[in-house]
Amino acid sequence: MILEYIKDNELFYRVSFHSPIFNRMSVGFETIFKQHEINSSSLKNRYQIEFIKQGMLSTIAYWLDMDCNLSVDDLLDVIDTFYSLN
């Protein structure tokens, strides 16, 4: 649902991903991780979470820069592939 909303408001988010609001979005992802009880108690896990978070945000920013030329479902497949790697 988040990606559909971003796509529907593509121009706003394209500008936003290249502005200070990007940091606020990053904090939003941290909140989502906490809600899903993703463990951030160890230093190593915090680095892993940061890697995943920044990778997701950068991938979405790239998608926006490419005029959302990939469907939301395909983008989710890309994100899920990297998120589920161990």
Side-chain angles (χ1 to χ4, degrees):
M1 288 185 349
I2 292 171
L3 291 176
E4 288 287 351
Y5 183 81
I6 290 172
K7 185 175 183 178
D8 290 344
N9 298 283
E10 178 183 345
L11 180 58
F12 171 78
Y13 283 98
R14 186 177 300 173
V15 172
S16 298
F17 269 81
H18 298 289
S19 74
I21 204 168
F22 186 81
N23 290 331
R24 295 184 74 194
M25 296 173 113
S26 179
V27 171
F29 273 99
E30 287 180 28
T31 302
I32 291 170
F33 287 141
K34 287 178 185 175
Q35 288 173 345
H36 290 277
E37 300 179 12
I38 296 173
N39 185 2
S40 64
S41 59
S42 75
L43 183 59
K44 183 179 176 182
N45 285 356
R46 289 194 299 264
Y47 272 89
Q48 290 171 331
I49 288 170
E50 186 65 20
F51 179 83
I52 292 167
K53 179 180 67 174
Q54 293 303 325
M56 290 170 67
L57 289 169
S58 293
T59 300
I60 293 168
Y62 181 74
W63 177 62
L64 288 166
D65 288 343
M66 300 303 292
D67 297 322
C68 302
N69 62 350
L70 200 61
S71 72
V72 169
D73 288 337
D74 286 344
L75 181 61
L76 286 171
D77 286 342
V78 169
I79 291 171
D80 187 54
T81 297
F82 291 107
Y83 179 72
S84 59
L85 292 176
N86 289 325

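Along the sequence shown, residues carry numbers from 1.
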Participant: To the nearest 0.5 Å, tell me how far Lys7 NZ sits from Ile60 CD1.
Facilitator: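 It comes to 13.5 Å.
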Participant: Please answer: with hydrophobic residues joined when any side-chain heavy atoms are less than 4.5 Å apart, are Tyr5 and Leu70 in the same cluster?
Facilitator: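 In one cluster with Tyr5: Leu70, yes.
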Participant: Return the CH2 to OH distance between Trp63 and Tyr13, rounded to the nearest 0.5 Å.
Facilitator: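 Answer for the CH2-OH pair, Trp63 versus Tyr13, is 11.0 Å.
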Participant: So, taking the atom named CD1 in Ile6 and the one named CE in Met1, what distance separates them when rounded to the nearest 0.5 Å?
Facilitator: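 Rounded to the nearest 0.5 Å, the CD1-CE separation comes to 12.0 Å.
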Participant: Could you pull out all residues at least two apart from Ser71 that satisfy side chain to side chain donor-acceptor pair (under 3.5 Å)?
Facilitator: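 With neighbours one apart ignored, the set is Asp74.
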Participant: Going by the rule side chain to side chain donor-acceptor pair (under 3.5 Å), which residues pair with Asp65 if we only count those two or more places apart in sequence or in a different chain?
Facilitator: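 Asp65: side chain to side chain donor-acceptor pair (under 3.5 Å) contacts with His18.
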Participant: Are Tyr62 and Met56 linked, directly or through other ILVMFWY residues, by side chains that come within less than 4.5 angstrom of each other?
Facilitator: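 No, Tyr62 and Met56 fall in different hydrophobic clusters.
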Participant: Sequence neighbours excluded, which residues qualify as side-chain contact (heavy atoms from CB on, under 4.5 Å) partners of Glu10?
Facilitator: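 Applying side-chain contact (heavy atoms from CB on, under 4.5 Å) to Glu10 gives Arg14, Leu64, Asp67, Cys68.
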Participant: Working to the nearest 0.5 Å, report the span between CG of Leu3 and CG of Leu75.
Facilitator: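 That separation rounds to 5.0 Å.
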Participant: Determine, for Lys53 against Glu50, whether the closest basic-nitrogen to carboxylate-oxygen distance falls under 4.0 angstrom.
Facilitator: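 Glu50 and Lys53: salt-bridged.
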Participant: Distance from Leu76 atom CG to Thr59 atom OG1, nearest 0.5 Å?
Facilitator: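 Spacing of CG (Leu76) from OG1 (Thr59) equals 11.5 Å.
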